[in-house]
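What follows is one structure encoded as structure tokens, with my remarks underneath.
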Amino acid sequence: MRAWRVHRFGKPSDALRLDDIPIPDPGPGEVRVKTRAAALNYNEIDGCYGRYITVSPPVPYTLGMEVLGIVEAAGPGAEQWLGRGVAACAKGAFGGYAEHVIGDAGMVFDVPPGLDDVAGAAFYFPFHLAWLGLHTRGGLKAGETVLIHAGAGGVGSAAIQLAKAAGARVLATAGGAEKVAKCREFGADVAIDYTKGGFAPAVLEATGGRGVDLVFDGVGGAVTEESVRCLALYGRIMVIGFAGGIEAEDRPTLTPRALCFGSISLMGVMLAYAGDPEMETPAPGFHMLPRRVGEAVQ
């Protein structure tokens, strides 16, 4: 089968090579998907440059986290998926840019009815992560005000739509006039161009100085720090990613003073479901969500 593999670190045109490699076989609790479409995430770019520490297999390796296709083979315990059209996360969060992809059944979901391959491939990670951040972890309520960063991106645009559907007032940030216009198209009540001197003053002006109840932050770094200035009393910051630079993943950002004096909550979200009930047992520092949570989101 053909697969796009990282052979050396650098820009994608230098790092990637289209190789012929053997078709893999699924193990227990795994499926093999015949790929029809695949999504491109910031993490794939970081993987090409070798700066994504969380997913960093030895080179050469096949890039790609999430795919859409038909389950053509299944290991013991995953036979119910045979022949179904699915969106899946590649095993280990790499290996997706190939004609045949192995995935853990716990991270496999039926493609929602009515979506074609392109829309279906774009649905899984953005809408699951947005729902987990806004609702499962963030506890967003109708009538609250939410600030969504990178609102023109995949996850940000999903979050705008879900927050509006929940009855929230939505403020969104983006870089440049075109992206700001996109945020409005997705339903943002207020769209802010952060390239014009940050975003905190505009957020406070839009909320009459009160601030927002929830920040949906997929950027990290300095954006997280500035977001503290945008929070109302008992406000919550949801850290869902690091699009502003993956190096922020392992760099201290907020001080205890900011959390204490602001009377705010800082919470994290990881999109990873455990198909094996034994993996649902809490492990300090790394908690996968039960499969039933993903099924409720879907």
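The structure presented is a predicted model; accordingly, all values stated were derived computationally and were not measured. Values below: every heavy atom of this structure, side chains too, minus hydrogens, waters and symmetry copies.
Between E72 and K34 there is no salt bridge, since no side-chain nitrogen of the basic residue lies less than 4.0 Å from a carboxylate oxygen of the acidic one. In this structure, K91 pairs ionically with E30, as a charged nitrogen and a carboxylate oxygen lie closer than 4.0 Å. Electrostatic pairing of R36 and D117 counts as a salt bridge here, judged by a charged N lying under 4.0 Å from a carboxylate O. Ion pairing between a basic and an acidic side chain is recognised when a charged N comes within 4.0 Å of a carboxylate O; D213 and K141 show no such pairing. We find that D19 and R2 are not joined by a salt bridge, their nearest charged nitrogen and carboxylate oxygen being 4.0 Å or further apart.
Ring-centre distance between Y273 and F109: below the 6.0 Å cut-off. Aromatic rings from F9 and Y49 are positioned such that their centres are separated by 6.0 Å or more.
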Report, one line per pair, each donor and acceptor closer than 3.5 Å where one atom sits in a side chain of residues 215-234; sequence neighbours left out.
unit_1: D217; atom_1: OD1; unit_2: V219; atom_2: N; d: 2.9
unit_1: D217; atom_1: OD1; unit_2: G220; atom_2: N; d: 3.1
unit_1: D217; atom_1: OD2; unit_2: T224; atom_2: OG1; d: 2.4
unit_1: E226; atom_1: OE2; unit_2: F199; atom_2: N; d: 2.9
unit_1: E226; atom_1: OE2; unit_2: A200; atom_2: N; d: 3.0
unit_1: S227; atom_1: OG; unit_2: H149; atom_2: NE2; d: 2.8
unit_1: S227; atom_1: OG; unit_2: V223; atom_2: O; d: 2.7

May I have the list of side-chain donor-acceptor pairs in residues 256-270 shorter than 3.5 Å, sequence neighbours left out?
none

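In this structure, L132 is not a member of the same hydrophobic cluster as V108, with clusters built from ILVMFWY side-chain heavy atoms closer than 4.5 Å. Grouping the Ile, Leu, Val, Met, Phe, Trp and Tyr side chains by contacts below 4.5 angstrom, directly or via other members, places I240 with L271.
Formation of a donor-acceptor pair under 3.5 Å by the R291 side chain with backbone atoms of G106 is found in this model. Between the side chain of E79 and the backbone N or O of G77 there is at least one donor-acceptor pair closer than 3.5 Å. With hydrogens and angles disregarded, a donor-acceptor distance shorter than 3.5 Å links the side chain of T35 to the backbone of A98. Looking at R84, its side chain never comes within 3.5 Å of a backbone N or O of V71 through a donor-acceptor pair.
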Practice problem: Any chance you could lay out the salt bridge (Lys or Arg N to Asp or Glu O under 4.0 Å) test for K164 and D189, step after step, and finish with the verdict? | Solution: CA-CA 9 Å; K164 285 298 294 181; D189 298 288; 3.0 Å; yes
Quiz item: Could you go step by step and tell me if Y124 and M107 meet the side-chain contact (heavy atoms from CB on, under 4.5 Å) rule?
Solution: CA-CA 10 Å; Y124 182 9; M107 290 287 284; 3.6 Å; yes
Quiz item: Step by step, would you call E185 with K182 a salt bridge (Lys or Arg N to Asp or Glu O under 4.0 Å)?
Solution: CA-CA 5 Å; E185 287 181 28; K182 278 292 182 185; 3.6 Å; yes
Exercise. For side-chain contact (heavy atoms from CB on, under 4.5 Å), just list the numbers for R8 and V59, CA-CA rounded to whole Å, side-chain angles, deciding distance to a tenth of an Å, and then say yes or no.
Key: CA-CA 7 Å; R8 62 192 180 102; V59 295; over 6 Å; no
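Under 3.5 Å, the side chains of Q298 and D110 contain no donor-acceptor pair of N or O atoms.
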